[in-house]
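Notes follow the structure.
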Amino acid sequence: MSTIDYSEKIPNNVDLANDRTLQRALEHWQPRFLEWWKELGPNDFANSQVYLRTAVGVDAQGWAHYGTVKMPDYRWGIFLADPIADRTIGFGDSFGQRVWQQVPGEFRSQFRRLIVTQGDTEPASVEQQHRLGHTCPSLYDLRNLFQINVEEGRHLWAMVYILHAYFGRDGREEAEELLARHSGDVDKPRILGTFNEPIEDWLSFFCFCYFTDRDGKFQLKSLAESSFDPLARTCRFMLTEEAHHMFVGETGLGRIVRRTLEVMKEVGSDNPEAIRRQGAVDLPLLQRYLNYWFSSSLDLFGSEVSSNAATTFANGIKGRPDETTQYQDHVCADSSFEIEVPDGKGGVMKDTSPMRNAMNEVLRDAYIRDCEIGLKRWNMQIKRAGYNFELKLPSNRFRRAIGAWANIPTDLEGRLIGREEYDRRMPGWLPSASDRGYVKSLMQRVVEPGKMAAWIAPPERGVNNLPLDYAYVQLN
Ligand SMILES: [Fe+2]
Ligand SMILES: [Fe+2]
């Protein structure tokens, strides 16, 4: 197992000390990263002491160290999962051949585009959540937000390392651009639409972690299968950190449900007005937030049928999540995939696409199944509390902006409807201005150790076995 060298300016397990040119290039980028963090990260909390985990190894047991640190002093570094001996290419035209330690010239631009797109989302999310700390529902949650923020910063490092180490001058330029584009910037926005929306309330934050960050998990899982071994190893380690982000999203939403059920019991009603009078989130309101975030996250996977997806699969650049364990046919040269698309006459028809061209859809299907897990759990809570209300994911046709269903009006179940009906019913499907106003009114910060805002239940346990009333963040 490779250990991480913390005596270096940039902690790493890639033997940076023995590559002076690369080390110098990254040390040149490091102060720019810190400037960016100070300007667009959670800068109002720069002097707070935060209980954070830092990676100290890359093996499954004991890879992290927990301790109190000021965020600007966090040790962002470069950590790759250990190499797998004699690893071979797991999919596509070169299936079974040895993996690559360098990027093949002919695939260079495809790799670069994927790495830059992934890299761009990491700092984007930190920028989106820039001011969220001011309205935290508890110190526990504030700490989790900051943990995610520093780790997304580290994920940026992970991608910048690959760019610097394997893409020469182009890579260094791309690394600069990753700090030059900013979420929501009119002139230089982030690459993907969803990452340009500010996240101003914690209900949105938990939805973002649950739905949008989960897209990140699936992209990383498919890049972790890549034939370009350093990229695969980078992504494998990123997934270790990513698990916590999924946890924050799922437990955050689960705790909101739990609190709402308590209030429903207290007031003996499921009437949204009555729930809101107690300062909790009524379930129909939560459903509208789920509708919004799920539908916008689905677009991140791209079009159902895509020649780009076919090429990246064929070339061994990007596989499917869990390629080795989940699939029998890793070449997919002759298989096909059936999808339902609008027939242009107000109906739906079946369309068959070569499997390789449908890889975005294969990924999206796996993602949807993963999204359903949390809903099952929350619905169980609701059922056990004796209410017959069910949270549901909308159809994958609903409110799409990309692919076969882009701009096709459907209801939540995916039934085609007229444009007029769609516009009329939309306020019942997505958070309205008054919903957002109400959620905003709930966002009052709670920073007494162990205390929770009225709209969210406490978590089942503290961080790293510490008690719930531990001062996870010491403000100033
Ligand atoms: Fe990330
Ligand atoms: Fe993440």
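Keep in mind it's a predicted model, so treat the numbers as computed, not measured. Numbering of ligands and ligand atoms starts at 1, following listing order.
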Name the orientation class of the two ring planes belonging to Trp36 and Phe33 (parallel below 30°, tilted from 30 to 60°, perpendicular beyond 60°).
tilted
| said: Tell me whether the Fe ion (ligand 1) has Glu122 as a neighbour, meaning an N, O or S atom of it below 2.8 Å. | reply: yes
The Fe ion (ligand 2) -> Glu152, closest N, O or S atom is OE2
Note: Glu197 and Ser183 closest approach over all heavy atoms is N-OG, 4.4 Å
- Message: Suppose we only count N/O/S atoms under 2.8 Å; would Asp213 qualify as near the Fe ion (ligand 2)?
- Response: yes
Check: Gly77 main-chain N/O paired with Tyr161 side-chain donor or acceptor under 3.5 Å: no
Answer key: the N, O or S atom of His245 nearest to the Fe ion (ligand 2) is ND1
Partner of Ile256 under side chain to side chain contact (heavy atoms under 4.5 Å, CB included), picked from Leu285, Val281, Leu261, Thr251, is Val281
Discussion item. Taking CZ in Arg131 as the centre, count heavy atoms belonging to other residues, nucleotides or ligands within less than 6.0 Å. Is the count above 12?
Written reply: no
Which atom of His155 is nearest the Fe ion (ligand 1), counting N, O or S only? It is ND1
Looking at Glu242, the N/O/S atom that lies nearest to the Fe ion (ligand 2) is called OE2
